[in-house]
Amino acid sequence: MRIVVATGNKDKLREFKEILKDLGSEIISSGELGIKLVAEENGDTFEENAYIKARECFDKLEDKKNTVVVADDSGLCVDYLDGKPGIMSARYMGYDTSYTIKNQSIIDALKDAKADERGAGFVCSICAILENGEAIYTKGVMRGEIAREISGANGFGYDPILYLPEYGKTSATISDEEKNKISHRGQALRALEKILKENL
């Protein structure tokens, strides 16, 4: 079985490969196949945006035999900000704005938040399209709270500001192995792995 990940994000692809390695499948990105994804992620939910990316990639594949196309949409949902940036996480403050600036902006927005108001979580929805065109979905959530300062260089995106009380550090400070065990994407991918093993 070949798994095609509809993404141009090398960090995401690395996580997919690490977590799904037990499937023994070839795992490659859409970009490695020369597929350029251009569809607008204009869904109202993480699930809808994941489907939009997966469907575009699936439709552009020349050879769909023994292939599963997988896409995810994920983001940071901050309780104090009514769930924002949410599905706009990648576009928050503009695609070209660095995550250092984005992360500091969120910390600044919570400067008056009390300790019990700093709850937040990463959400990941995955859509997998099987070779017959059927779409299946999985989801994962990793809860924590917004840190009071940016910390850590591991991970990417908003990892440096999601503080994980059980570890006493941010998501950007724990090891890749620790993160994959508890992360939103890890949860969603392990659920997908189970479905693929049972049905394929």
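Here the structure is a predicted model, which is why all the values come from computation and not from measurement.
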Could you give the distance from [atom1] ([X]) to [atom2] ([Y]), rounded to the nearest 0.5 Å?
{"X": "Ile28", "Y": "Arg2", "atom1": "CD1", "atom2": "CZ", "answer": "5.0 Å"}
{"X": "Leu189", "Y": "Phe16", "atom1": "CG", "atom2": "CZ", "answer": "5.0 Å"}
{"X": "Glu193", "Y": "Lys21", "atom1": "CD", "atom2": "NZ", "answer": "10.5 Å"}
{"X": "Lys181", "Y": "Arg190", "atom1": "NZ", "atom2": "CZ", "answer": "9.5 Å"}

[X] side chain to [Y] side chain, donor-acceptor N/O pair below 3.5 angstrom:
{"X": "Asn180", "Y": "Glu15", "answer": "no"}
{"X": "Ser74", "Y": "Arg185", "answer": "yes"}
{"X": "Ser171", "Y": "Tyr158", "answer": "no"}
{"X": "Glu131", "Y": "Thr67", "answer": "no"}

message = Walk me through whether Asp159 and Lys179 qualify under salt bridge (charged side-chain N to carboxylate O under 4.0 Å, His left out).
response = CA-CA 10 Å; Asp159 281 327; Lys179 183 182 176 185; 2.6 Å; yes
ask   = Below 4.0 angstrom, N of the basic side chain to O of the carboxylate: do Asp79 and Arg143 qualify?
value = yes
query = Hey, are Arg14 and Asp176 close enough for a salt bridge, meaning a charged N less than 4.0 Å from a carboxylate O?
reply = yes
Would you be so kind as to tabulate the donor-acceptor pairs closer than 3.5 Å made by side chains of residues 81-90, with sequence neighbours excluded?
from	atom 1	to	atom 2	distance (Å)
Ser89	OG	Leu76	N	2.9
Ser89	OG	Gly86	O	2.6

ask   = Among Glu47, Glu48, Lys139, His184, which residue meets the side chain to side chain donor-acceptor pair (under 3.5 Å) test with Ser125?
value = Glu47
